[in-house]
Amino acid sequence: MVIHADKTFDSHFPVTGEVLSSYPISADSDVQEAVAAARKVAPQWQGLGFDGRRKILLAWSKLLINRIDECAELISRETGKPTSDAKLEATLAIGHLAWAARNAREVMRKQYRKPGLLMANMSATVERSPVGVVGVIGPWNYPIFTPMGSISYALAAGNTVVFKPSEYTPGVGVWLSKTFAEVAPSHDIFRVVTGLGDTGRALCESGVNKLAFTGSTRTAKVVAATCAKTMTPVVLECGGKDPVIIAADANIAKAAEFTLWSAMSNAGQTCIGAERVYVHEKVADKFIETIVEMGKKIKPGAPGVGNYGPATMPKQLDVIDAHIHDAIARGGQALLGGVDSVKRPYVEPVIIVNVPEDSLAMQEETFGPTIIINRVVDMAQAISLSNASRYGLGASVWSGTQGPKIASQLECGMVAINSTISFAAVASVPFGGVKDSGYGRIHGPEGLLEFTYPRTVVRARFQLPVSFTSFGRNAFADRLIVGLVKFLHGRSIG
Ligand code: NDP
C-alpha cells in the first residue's frame, strides 16, 4: 500500500494494479470526530422510533437496488470480481437491510416475564435499548455484504454507526455512506472513516459502545485486546476452514456443482466457502471425477472474462502458493492444477486429493480457489475430522437422509444441507462462528439483539402484607419464605 505525503492512500484495480482513487488516512482525531458526531445525532436517530427508521432504511434499500449497476461496477473495480457476482452480493446485502428495517420493532419488543410465586406481586419486563454508537471494521472480500450485516442491523436497532472499510475497498464504504446521506436526516448517523490498520485501531480505542469486526483471526485478537482496554464489547466474524461432508446417499452431481462454486467463486475469498471435503469412500471416485471435470471448465480472468477474478489482496497469493506446495510435498495428488497454478494476479482452479490432515491446507484458511478432498469410511469419521479444526464457521452436508443428524453434531455456527452457503442468504437466521471463527452473531433476530442491551424493569404492582426486603422482616416472614421455597423446590427431584 502506497502512503502519500499528504496522508492519503490509493485504491487499485487488482487485475492491472491501476490506481483508482485516493482516500484520506484518518488520524485518531478524525476517528474521534466521527464518533463524536455519530454520538451527537444518536438521540435524533433513536427519537425517530421504529417507524421513522424503517422508512429511511427502506428508502435506502430502494435507492441501493435502483443503483445496483453503479454499486456492482465499483465493487468489481476494487475487488476484481465479476460484476454479476458483485450484483449478487449487493442484492443479498439489500435483503438483509430490508429485513432488519422491517423486523426491528418485533424483535426488540418489550417482553413480559413470569415473576415466580415468591415475587407474584411484581410485573417483570425486559426492554431493549440500542447500545449507542457502533464501530464496524470490514474486510475486502465482500465489501458490501459483509459490513452491511452489521451496519444494517445496528442502524435498525437504533444505533448510529462509524464504519472503517478495508484499505482495499474504501470506495465501496464511502459510496455506502454517501447513498445513505441521500435518504437520511443527517449524514452523521452513518459515517465512514477511511485508512489503514491504524485507523481501525483508532476506532477500537474511540469509545464506541460496540465494535463489529470481520477479518482474520489474527487481527480479531488484536481488536479484542484493544477493545478490552475500554471494556468495549466486540462481535468477531473471523476466518473459517469450512468442511463439506458428502454421504453415500448424496446427489453427487449437485454436490460437485455447488461445492465447486462454493470453493472457487470470488477466487475462493469467501469466509464460508468450501475449503475441505470429506466424501464417503463408496461415492468418492464418482464425486472426484465429476468435480474435476466441472473444474476444468472454469477459469480466472478480468471481470467479463473469467468465472472469477484475481486475488484482491496480492499478499494472499503467497499463502495460497504455500498451501498448495505443502499439500503436494506431503503426499497429496493434484488432479486439477498444482504447484504452477498461482499465476499472479490469478490462481487457476486447484483440486488436490489425499492430503494429510495436519498439512497447512487442512489446518489454515487458504482463501483461494482450491479444494482438498479426502475419503472417509463413514459419517462418524467425517464429523470427527470436520470438528478437528481450530475454526468453526460454516459447513455443508450432502445426504438424502442423514443431513439433520450430521448437522447437529458439527461444531460450527451454520450448516447448509444439500445447498451451499444458503444460511448467509436467509435474513432471519444468525450468522457467525465458534472457536477461532469468532463470537457474537450478525443477521436475524440475534443480529439485531447483538446491537442492543437488555434493561430489566421489575415493578411492584401492589405491596404484600409481609416485607422480605426490609429491616422490618420478622420471624413469620422468615418461616414463610423458607416454607414456600421448600414447597416449590425442596420436594422430590424431577
Ligand atoms: P485483516 O483481518 O488484517 O483486516 C480486516 C480489517 O481489519 C481491515 O479493515 C483492516 O484494515 C482492519 N485492521 C487491520 N489491523 C487492525 C488493527 N490493528 N485494529 C483494527 N483494525 C485493523 O485481514 P486482511 O485483509 O489482512 O486479510 C488477511 C486474512 O484474513 C486473509 O488472508 C483471510 O484469510 C482472512 N480474511 C477473512 C475474512 C472473512 O470474511 N472471514 C475477510 C477478510 C480476510 P486494513 O485493510 O486497512 O489493513
Side-chain angles (χ1 to χ4, degrees), residues 1-3 8-12 14 23-26 28 31 78-79 89 135-150 162-173 192-206 208 211-229 232 234-242 266-273 275 311-323 347 360-361 363-368 370 390-394 413-414 421 424 431-433 435-438 442:
M1 188 55 59
V2 178
I3 301 169
T8 58
F9 69 102
D10 299 330
S11 63
H12 300 91
Y23 294 90
I25 298 177
S26 304
D28 288 30
V31 174
E78 287 198 327
T79 61
E89 177 192 343
V136 176
I137 297 178
W140 41 265
N141 53 341
Y142 290 94
I144 180 166
F145 175 73
T146 300
M148 284 292 276
S150 298
V162 178
F163 171 40
K164 192 281 209 207
S166 164
E167 67 196 53
Y168 295 96
T169 53
V172 179
V192 164
V193 286
T194 54
L196 312 181
D198 205 42
T199 301
R201 189 262 317 141
L203 187 56
C204 296
E205 291 176 346
S206 65
V208 288
L211 196 293
F213 169 88
T214 307
S216 64
T217 303
R218 182 183 47 76
T219 305
K221 289 179 183 174
V222 176
V223 162
T226 310
C227 287
K229 287 191 231 159
T232 302
V234 289
V235 42
L236 304 173
E237 203 273 277
C238 315
K241 191 75 201 168
D242 285 12
N266 204 30
Q269 306 166 124
T270 306
C271 55
I272 48 170
E275 292 239 344
T312 302
M313 188 177 68
K315 69 177 188 237
Q316 191 65 27
L317 292 164
D318 297 332
V319 175
I320 301 166
D321 204 37
H323 285 200
V347 182
L360 281 175
Q363 295 289 320
E364 302 297 331
E365 187 174 43
T366 307
F367 234 51
T370 61
R390 69 185 178 99
Y391 294 108
L393 194 55
M414 301 153 296
I421 71 171
F431 185 101
K435 303 195 265 187
D436 271 9
S437 292
I442 55 173

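Throughout, numbering of the chain's residues begins at 1 and tracks the sequence. Ligands are counted one by one from 1 in listed order, and the atoms in each one are counted from 1 as well. Here the structure is a predicted model, which means the values were calculated and not measured.
Note on ligand 1: Y142 sits outside its first shell, no heavy atom being nearer than 4.0 Å. Ligand 1 has at least one atom lying under 4.0 Å from a heavy atom of I137. Not a single heavy atom of S437 sits under 4.0 Å from any atom of ligand 1.
When only interatomic distances are considered, the shortest N/O to N/O separation between Y168 and ligand 1 does not fall below 3.5 Å. Any N or O atom pair closer than 3.5 Å counts here, and C238 shares at least one such pair with ligand 1. At under 3.5 Å, not a single nitrogen or oxygen of T214, backbone or side chain, sits near a nitrogen or oxygen of ligand 1. Between G138 and ligand 1, at least one pair of N/O atoms sits closer than 3.5 Å.
When each atom of ligand 1 is checked for a heavy atom of N141 under 4.0 Å away, the hits are 40 (O), 42 (C). Residue W140 has at least one heavy-atom neighbour below 4.0 Å for each of these atoms of ligand 1: 24 (P), 25 (O), 27 (O). Heavy-atom proximity to V222, at under 4.0 Å, picks out these atoms of ligand 1: 18 (N). The contact set between ligand 1 and F367, taken as ligand atoms under 4.0 Å from a residue heavy atom, comprises 33 (C), 34 (O), 36 (N), 37 (C), 38 (C), 42 (C), 44 (C). Taking every non-hydrogen atom of P139 and a distance limit under 4.0 Å, the qualifying atoms of ligand 1 come out as 42 (C), 43 (C). Atoms of ligand 1 found under 4.0 Å from any heavy atom of G200, numbered from 1 in the order shown, are 19 (N), 20 (C), 21 (N). Applying the 4.0 Å criterion to heavy atoms of G195 picks out, from ligand 1, the atoms 47 (O). Interface atoms of ligand 1 facing L196, defined by a heavy-atom separation under 4.0 Å, are 47 (O).
Of the protein's non-hydrogen atoms, T219 CG2, 3.7 Å is the one closest to atom 13 (N) of ligand 1. Nearest protein heavy-atom neighbour of atom 39 (C) of ligand 1: C271 CB, 3.2 Å. Looking only at protein heavy atoms, the nearest one to atom 30 (O) of ligand 1 is S216 CB, 2.9 Å. The single protein non-hydrogen atom nearest to atom 48 (O) of ligand 1 is E167 OE1, 2.8 Å, given as residue, atom name and distance. Nearest protein heavy-atom neighbour of atom 10 (C) of ligand 1: K164 NZ, 3.9 Å. The closest protein non-hydrogen atom to atom 31 (C) of ligand 1 is Q316 OE1, 3.4 Å. The protein non-hydrogen atom at the shortest distance from atom 19 (N) of ligand 1 is R201 N, 3.4 Å. Looking from atom 35 (C) of ligand 1 to the surrounding protein, the closest heavy atom is E365 OE1, 3.4 Å.
L203 approaches G135 most closely through the heavy-atom pair CD2-CA, 4.1 Å. Among all heavy-atom pairs drawn from S26 and V31, the shortest one is CB-CG2, 4.2 Å. For the residue pair D242 and I272, the shortest heavy atom distance occurs at OD2-CA, 3.2 Å. Contact record, T146 with I442: O-CD1, 4.5 Å, taken as the closest heavy-atom pair. For the pair L360 and A322, the tightest heavy-atom approach, listed with the atom from each and the gap, is CD1-O, 4.2 Å. The minimum heavy-atom distance linking K229 with E205 is given by the pair NZ-OE2, 3.8 Å.
Counting only heavy atoms from C-beta outward, the side chains of F213 and C227 never approach each other to under 4.5 Å. E78 is not listed as a side-chain neighbour of P143, based on a closest heavy-atom distance of 4.5 Å or more. Between L393 and E237, the closest side-chain pair of non-hydrogen atoms falls below 4.5 Å. Taking the side chain as every heavy atom from C-beta outward, E365 and E275 approach each other to under 4.5 Å.
Per-atom contact check: atom 4 (O) of ligand 1 does not touch the protein, criterion being a heavy-atom distance below 4.0 Å.
The proximity of M313 to ligand 1, defined as any non-hydrogen pair under 4.0 Å, is limited to the side chain.
Screening Q269, H323, Q316 for a side-chain hydrogen bond (donor to acceptor under 3.5 Å, both in side chains) with T366, the sole residue that qualifies is H323.
With hydrogens and angles disregarded, a donor-acceptor distance shorter than 3.5 Å links the side chain of S166 to the backbone of Y168. K241 contributes a side-chain N or O that, together with a main-chain N or O of E364, makes up a donor-acceptor pair within less than 3.5 Å.
Compare P147, A225, G239, G197 by their heavy atoms: the one nearest to atom 17 (C) of ligand 1 is in G197.
Side-chain N/O atoms of Y142 and T79 include no donor and acceptor closer than 3.5 Å.
Between D318 and K315 there is no salt bridge, since no side-chain nitrogen of the basic residue lies less than 4.0 Å from a carboxylate oxygen of the acidic one.
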